[in-house]
Amino acid sequence: MFCATILTVTRRGGDTMLNNLKLRIKKDLEELLGKQFNAELSIIVEEPKKAELGDLSIPVFSVVKQLRKPLPQIVEIVKETLNQIPDSGYFAKIDSVSGFINITLNRAMFAKLVVEDFNESEDYGTSDIGAGKTVCIDYSSPNIAKPFSIGHLRSTIIGHSLGNILEKCGYKVVRINHLGDFGTPFAKTIYAYLHWGNEEVVKQNSVEELVKLYVEFNEKAKQDKSLDEEARKIFSELEQGNEIYVKLWEYIREESLKDYMKVYDLLGVRFDSYNGEAFYNDKMQRIVDELKEKKLLVKDQGAMIVDLGDDIPPALIQKSDGSTLYITRDLAALFYRKNNYHFDEMLYVVGNEQKLHFTQLKRVIEKMGYDFAEDIHHINFGLVLQDGKKMSTRKGKIVKLEDVLDEASGMSLDYINEKNPGLEDKEQIAESIGVSAVVFNDLKNYRTNDFEFNLEEMVNFTGQTGPYLQYTSVRIQSILDSADSNETTLNYDLFEGEHYFEILKNISQYVDTIIKTKQEYAPSILAKYLLKLASLFNSFYAKERVLVEDEIERNTKLHLLKMTKDILNDGMRLLGMQVILKM
RNA sequence: GACCCGGUAGCUCAGCAGGAUAGAGCUGCGGCUUCCUAAGCCGUCGGUCGGGGGUUCGAAUCCCUUCCGGGUCGCCA
């Protein structure tokens, strides 16, 4: 009877069953107790810290306070009331310990619900919170003519992963690589190429050579201040459509993109649009005009600015020489996206250091009188550190992401040669492990924090790492491969066992975890969840033999394993990791 | 100087819409393989939750203050 209700609610709300149960208990208790005492009460239903205490827990201190009755009396009243609610059929036991009422569920009954829900669901973990909504994500967005460094890693994988997670929640996702293919730095490269560049050499090794030229420019500019002036002039002319510069621009952009695609292929990252800053070159005047019309633009020290109030600095829209700035192009991009993709949310996966820029961007939109400022989210993230310092260079050289990925793959291969030398497709698998290790190492850390990039730790591939997840999945796969798959009935009583139930409970929380991950735009939430699930399985594996004689027991275990593996694989996919079958 | 972010075990990090004895991984130490992949599992050592006040029955979590580290603050992106 209740199964039906719960399953319906699950489909509709996208919550896990355990969470649903919590919410219902909360609501029912508040209603019944409220009626009884004519008071508005807020009941907390949580999970006890220690599993031995029970499956659900209700601290009653606040009730004691509000109703001004002795604690033991309140405990009795709440217990009594708990027995009256419709869900009480799920309770196997209700205890109380020093102000906490602990409920132990009828685990077999609960397990049946979870298993049935899993079986009936086509893609477990999906929800409809994003149905009919579109989200644009601006991520990766490297600056052209520079190597794809470790610094671009975070934006790329956080953005990619969030895209996957949003799709899982039913959103339509538009992935945008807002290439930094414009601006003064770019003009510097053009100047250097024209003056000191060698066409043949650049053709051979384009990006590397272009970077050399850019560096050379900056070194010479230190001596000769007029060079910066020259670059600004070139940029201004490029903006006006100077043919030579435009042609050069196209060439450099093409070559750089080719280089980046190698990394994107390695990571499995794809975009719907590669429209970079330059794309908006002819779309900015409209913005400037509109700002003028709305009397928001003022001249200040020769530049055109929008005043944003006392708490933040004004936004610089136009330089003294009339050329545009970063925010001008971002405004143009924003309106273009709003008009073409009709987004419900616009996410910018960009580092912490640009916080002010996005605050200004939102404020300008508000000042212009648009209501979608609140749909703009800066998905900020911290630095990648090495030995506590920003990891952009190593021995003075920029750390290329490709090199890091190669290094990780190489280490994986060493490990395979040591552990499983006979493995087929070793190189391919080593690459999957290495790349995924780097990806996971990033995503397991909470976004906004800086994190330590520790190659040493990745050499070990042990503990809270990508390979740990892959290994767990592979282990399960291996068992499933060697088992006959004609499933019969399951013995739900087995789920009374702690190590069974813990896994099952986690499985039931998958949807919730994904939704929370979306709400906080924090893939680390999903990453930590997967580690927990993998860890629970590995403990189970050490304790229980799966392929036992008893058919029903065997099938029950196999089914638990299959659910676990499906979630691990799906979760890894959402994070942008690669799922492998053997290692 | 102003604003923002961080400070939890030797190291890397969870926990922070207040709740039970503060958790993981790594490292160290000690165990586990006649049996489904030991990249695993189990045990153990290790903490004034930066310091000091306050609110509360109860604070790592909320408020104030202070110290330390990082970021940002008009013609870069």
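In this text, all values refer to a predicted model and were calculated from it rather than measured experimentally. Values below: every heavy atom of this structure, side chains too, minus hydrogens, waters and symmetry copies. A, B, ... follow the sequence lines: proteins, then strands. Residue 1 opens every chain.
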Visitor: What pairs of residues pass the salt bridge (charged side-chain N to carboxylate O under 4.0 Å, His left out) test when at least one of them lies in residues 303-326 of chain A, not counting sequence neighbours?
Guide: A/Asp311-A/Arg363
Visitor: With rounding to the closest Å, how many angstrom separate the C1' atoms on B/rU33 and B/rC42?
Guide: 14 Å
Visitor: Mind checking A/Glu544 for me? I need base, sugar-phosphate or nothing, with any heavy atom below 4.0 Å counting as a touch.
Guide: base
Visitor: Applying the ring-ring contact (aromatic ring centres under 6.0 Å, His included) test to A/Phe279, which of A/Trp249, A/Tyr336, A/Tyr274 qualifies?
Guide: A/Tyr336
Visitor: With C1' as the reference atom in both, quote the distance from B/rG47 to B/rU21 in angstrom, rounded to an integer.
Guide: 14 Å
Visitor: If you look only at pairs with a residue in residues 417-433 of chain A, which of them pass as a salt bridge (charged side-chain N to carboxylate O under 4.0 Å, His left out), with sequence neighbours excluded?
Guide: none
Visitor: On RNA chain B, compare the nucleotides closest to A/Ile58 and A/Ala303; which residue's is nearer the 5' end?
Guide: A/Ile58
Visitor: Both distances under 3.5 Å, Watson-Crick or G-U wobble: report the partner of B/rG1, or none.
Guide: B/rC73
Visitor: Using heavy-atom distances to pick each residue's nearest nucleotide on RNA chain B, tell me which of A/Asn102 and A/Arg475 is more 5'.
Guide: A/Asn102
Visitor: By the 4.0 Å heavy-atom rule, please label A/Ser478 as base, sugar-phosphate, or nothing.
Guide: base
Visitor: Suppose we define a pair by two distances each less than 3.5 Å, Watson-Crick or G-U wobble; what does B/rU55 pair with here?
Guide: none
Visitor: Which nucleotide span of RNA chain B, 5' end to 3' end, has atoms closer than 4.0 Å to non-hydrogen atoms of chain A?
Guide: B/rC4 to B/rA77
Visitor: Using the side chain to side chain contact (heavy atoms under 4.5 Å, CB included) criterion, which residues pair with A/Ala430? Sequence neighbours excluded.
Guide: A/Ser412, A/Leu413, A/Ile416
Visitor: Report all side-chain donor-acceptor pairs from residues 228-235 of chain A shorter than 3.5 Å, counting only partners two or more places apart or in another chain.
Guide:
residue	atom	partner	partner atom	Å
A/Glu229	OE1	A/Arg232	NH2	3.3

Visitor: What contact category does A/Lys543 fall into here, base, sugar-phosphate, or nothing, at under 4.0 angstrom with non-hydrogen atoms?
Guide: nothing
Visitor: Within the 4.0 Å heavy-atom criterion, would you say A/Ile416 contacts the bases, only the backbone, or no part of the nucleic acid?
Guide: base
Visitor: Under the salt bridge (Lys or Arg N to Asp or Glu O under 4.0 Å) test, which residues partner A/Glu47, sequence neighbours left out?
Guide: A/Lys22, A/Lys505
Visitor: For B/rA60, give the paired nucleotide (Watson-Crick: N1-N3 plus N6-O4 or O6-N4; G-U: N1-O2 and O6-N3; both under 3.5 Å), or none.
Guide: none
Visitor: Assign A/Asp330 to base, sugar-phosphate, or nothing according to its heavy-atom contacts below 4.0 angstrom with the strands shown.
Guide: nothing
Visitor: With both distances under 3.5 angstrom, what nucleotide forms a Watson-Crick or G-U wobble pair with B/rC32?
Guide: B/rG40
Visitor: Applying the Watson-Crick and G-U wobble criteria at under 3.5 Å, what pairs with B/rG6? Answer none if nothing qualifies.
Guide: B/rC68
Visitor: Any idea how A/Tyr280 and A/His178 line up, ring-wise: parallel (<30°), tilted (30 to 60°), or perpendicular (>60°)?
Guide: tilted
Visitor: Expressed in whole Å, how much space separates the P atoms belonging to B/rG58 and B/rG19?
Guide: 14 Å
Visitor: So A/Asn449, base contact, sugar-phosphate only, or nothing? Heavy-atom distance under 4.0 Å.
Guide: sugar-phosphate
Visitor: Within the structure shown, what part of the strands sits under 4.0 Å from A/Leu356 by heavy-atom distance: base, sugar-phosphate, or nothing?
Guide: sugar-phosphate
Visitor: Across the strands shown, which category fits A/Leu325 at heavy-atom distances under 4.0 angstrom: base, sugar-phosphate, nothing?
Guide: sugar-phosphate
Visitor: Considering only the C1' atoms, how many Å lie between B/rC5 and B/rA9, rounded to the nearest integer?
Guide: 24 Å
Visitor: Identify the nucleotide, in any strand shown, that forms a Watson-Crick or G-U wobble pair with B/rG46, with both distances under 3.5 Å; if there is none, say none.
Guide: none
Visitor: Rounded to whole angstrom, note down the P distance from B/rU44 over to B/rG51.
Guide: 27 Å
Visitor: Please round to the nearest 0.5 Å and tell me the distance separating atom CD1 of A/Ile44 and atom CG of A/Leu29.
Guide: 12.0 Å
Visitor: If the P atom of B/rC64 is compared with that of B/rG28, how far apart are they to the nearest Å?
Guide: 44 Å
Visitor: Name the nucleic acid region contacted by A/Arg545, choosing base, sugar-phosphate or nothing; use a 4.0 angstrom heavy-atom cut-off, strictly under.
Guide: base
Visitor: For A/Phe451, report the nucleic acid contact type (base, sugar-phosphate, nothing); a contact means any heavy atom under 4.0 Å.
Guide: sugar-phosphate
Visitor: Considering Watson-Crick and G-U wobble pairs with both distances under 3.5 Å, what does B/rU12 pair with?
Guide: B/rA24
Visitor: Taking all non-hydrogen atoms of both residues, which atom of A/Arg447 and which atom of A/Arg154 are closest, and how far apart?
Guide: O-NH1, 3.3 Å
Visitor: Under 4.0 Å, heavy atoms only, any strand: does A/Ser320 hit a base, just the sugar-phosphate, or nothing?
Guide: base
Visitor: Base, sugar-phosphate, or nothing for A/Ser323, non-hydrogen atoms under 4.0 angstrom?
Guide: nothing
Visitor: Which is true for A/Gln354 with a 4.0 Å heavy-atom rule: it touches a base, it touches only sugar-phosphate, or it touches nothing?
Guide: base
Visitor: Touch check for A/Asp321, heavy atoms < 4.0 angstrom, all strands: base, sugar-phosphate only, or nothing?
Guide: nothing
